[in-house]
Asker: 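Take this structure first; my questions come after.
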Number of protein chains: 2
Amino acid sequence: MSVQVVAMQDHRTAAICGLTVPVTDLSSLFHRQPIERFEPGRAIFWEGDEAADVFEVADGMLRALRLLGDGRRIIVGFLRPGDLLGVSLKERYLYTVEAISLVQLRRFPRRRFEDEVARHSNLQQQLFARLRDEMTAAQDQAVLLSRRSAEEKLANFFLMMRRTENSQRTSVVDLPMTRLDIADYLGMTIETVSRTITKFATSGVIAAPERRSITVLKMETLRSLADGDESGQWVPSRIAPARYAAASA
Amino acid sequence: MSVQVVAMQDHRTAAICGLTVPVTDLSSLFHRQPIERFEPGRAIFWEGDEAADVFEVADGMLRALRLLGDGRRIIVGFLRPGDLLGVSLKERYLYTVEAISLVQLRRFPRRRFEDEVARHSNLQQQLFARLRDEMTAAQDQAVLLSRRSAEEKLANFFLMMRRTENSQRTSVVDLPMTRLDIADYLGMTIETVSRTITKFATSGVIAAPERRSITVLKMETLRSLADGDESGQWVPSRIAPARYAAASA
DNA sequence: CGCGTATTTGAGTCAGCTCAAAGTCCGTGG
DNA sequence: CCACGGACTTTGAGCTGACTCAAATACGCG
């Protein structure tokens, strides 16, 4: 089975200033590459295409998606500035990636990318770190999808979008994607997404003045709606509910 | 956010026989370690524990799970012989891992594991490959969870369990886990799992004589029930349904 | 201003959930 | 060897939240 990396979060924004830097940083590989622009809706590459290049997102937001045989669409993730995409390490892209907003990318040949990474162990380290984050994202999505109610899913989604924002914890959450994108990411319908947002707004948890952004008014309420673990805070108790008691000794 | 690897598939069963082998292979790190046994239901480690060791599964099946705040349980994955677990590269385990059947493991100190991997670039390569597979598994689960109907989910689950079997494509699928495990993996209830299995059996798609295994009678029907892409075969058409037409040129 | 797309709102249906109870499997002790 | 107990599984009945179909409304662009 073919495998690839969709996107990888970039935490530590390296503080490299000016000078011609040796290859000490993954993003430094992309620095010299020219910016390419993609209009909203444009595909950067398609599921099944030969994985010729790797990209770094310089600006804008993208969606990574898979189409199922019956026409259903699954959004695997949203990509933001700093994310890498197309790091396949295999021969073909596993997902289609499309621009949501106006997007700016830097392109790097995959072959050379792999050579560089193989040559510099510090780059490997960084790639590892990104892979780990990417994996976490994938599993967080799985957790999100297994949430029972529409309210839980959306509340979690808003928190996630807020957190991934440019690290400043503002209560304003940008939603450049459409309701359909959100629906296909959360495994629900566009109508239910809309209704649930309306419900949140009506109950005063959020304000939704514009189409493409919401403002969180009652963060704590939103958190409790999101409920459950919400990745990061350990439930101190180790005692599983009786339902899950160990089968034997 | 803390990150870790739950499990990583082992494809290429290295054909190393006898001799004292230099560290050319990830599993070779574990070869000298003594076997540890875990009874069904026993936890190998808990979510939040300090990630002190890495393990290789020698025999048996395990489940990796997360408990949500409200008591719900999410099974993140099932682990089989050859899988690694606890490769956190961070300080804490992100999941609880429990034995389903009688399990045999080899333990290796995480610190030393990381040293070895950092020292040998071929080990890094292998770790990469496993990380990629692990990621794919995580995303496959997301796809599974976003499947609409119970029938689709279960059909896909059976195909997945069959495929991961010891590479021989038998029509008998072992299910050492309980219905509850399956339910928590697929994001449904135990009752619906049971009803759906009964339905499959009644319609002659599978036979379920024993509790812990099923036999696929009509593979093609099961596939069509699983429907959609079923990871691996590209939908040749690049034409998205009108619903998903690109927003602009 | 008019059109096409995106979003919201409405009404009815149903798959899967919940609650409840019966049935099955298996190990233990008399 | 069989009865008993506990856990797991299946089956039943009713309810409900999310889906489907349908229509109205809002937005953005030429």
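No hydrogens, no waters, no symmetry mates; every other heavy atom, side chains included, goes into these values. Below, chain A is the first sequence line, B the second, and so on; all start at residue 1.
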Asker: Take the C1' atoms of the five end pairs on each side of the helix from C:dC1-D:dG30 to C:dG30-D:dC1, derive the two axes, and give their angle rounded to 10 degrees.
Answerer: 30°

Asker: Does the pair B:Asp184/B:Arg66 count as a salt bridge with the N-to-O cut at 4.0 Å?
Answerer: no

Asker: Check the distance between C:dT7's P and A:Ile214's CD1 and give it to me in whole angstrom.
Answerer: 15 Å

Asker: How many whole angstroms separate atom CZ of B:Arg147 from atom C1' of C:dG16?
Answerer: 18 Å

Asker: Check side-chain hydrogen bond (donor to acceptor under 3.5 Å, both in side chains) between A:Thr192 and all other residues, then give those that pass, not counting sequence neighbours.
Answerer: A:Thr189

Asker: Residues two or more places apart in sequence or in another chain: which of them pass salt bridge (charged side-chain N to carboxylate O under 4.0 Å, His left out) with A:Glu210?
Answerer: none

Asker: When the distance from CD1 of A:Ile197 to C1' of C:dT9 is rounded to whole Å, what number comes out?
Answerer: 14 Å

Asker: In this structure, how many angstroms lie between the P atom of C:dG16 and the CZ atom of B:Arg179, rounded?
Answerer: 17 Å

Asker: I need the CZ-P distance between B:Arg212 and D:dC8, as an integer number of Å.
Answerer: 8 Å

Asker: Please name all residues satisfying salt bridge (charged side-chain N to carboxylate O under 4.0 Å, His left out) with A:Lys218, sequence neighbours left out, ordered by chain then number.
Answerer: none

Asker: Using whole Å, what does the distance between atom C1' of nucleotide D:dC8 and atom CD1 of B:Ile182 come to?
Answerer: 12 Å

Asker: Does B:Glu50 have any salt bridge (charged side-chain N to carboxylate O under 4.0 Å, His left out) partners at least two apart in sequence or in another chain, and if so, which?
Answerer: none

Asker: Need one value for A:Ser194: base, sugar-phosphate or nothing, where a base atom within 4.0 Å counts as base even if backbone is also close, heavy atoms only.
Answerer: base

Asker: Starting at CG of B:Leu180 and ending at P of D:dT9, how long is that distance when rounded to a whole Å?
Answerer: 8 Å

Asker: Rounding to an integer number of Å, can you tell me how far B:Glu39 CD sits from C:dG27 C1'?
Answerer: 14 Å

Asker: Please answer whether the main-chain N or O of A:Ser194 pairs with a side-chain N or O of A:Arg179 as donor and acceptor at a distance below 3.5 Å.
Answerer: no

Asker: Can you pull out every salt bridge (Lys or Arg N to Asp or Glu O under 4.0 Å) where at least one residue sits in residues 199-208 of chain A? Sequence neighbours excluded, please.
Answerer: A:Glu151-A:Lys199

Asker: Could you run down nucleotides 15-30 of chain D 5' to 3' and tag each one B, S or - for protein heavy-atom contact under 4.0 Å?
Answerer: ---SSBB----SS---

Asker: Please enumerate all residues that pass side-chain hydrogen bond (donor to acceptor under 3.5 Å, both in side chains) together with A:Glu36, with sequence neighbours excluded.
Answerer: A:Arg107

Asker: Go through the structure and list residues passing ring-ring contact (aromatic ring centres under 6.0 Å, His included) with B:Phe158, not counting sequence neighbours.
Answerer: none

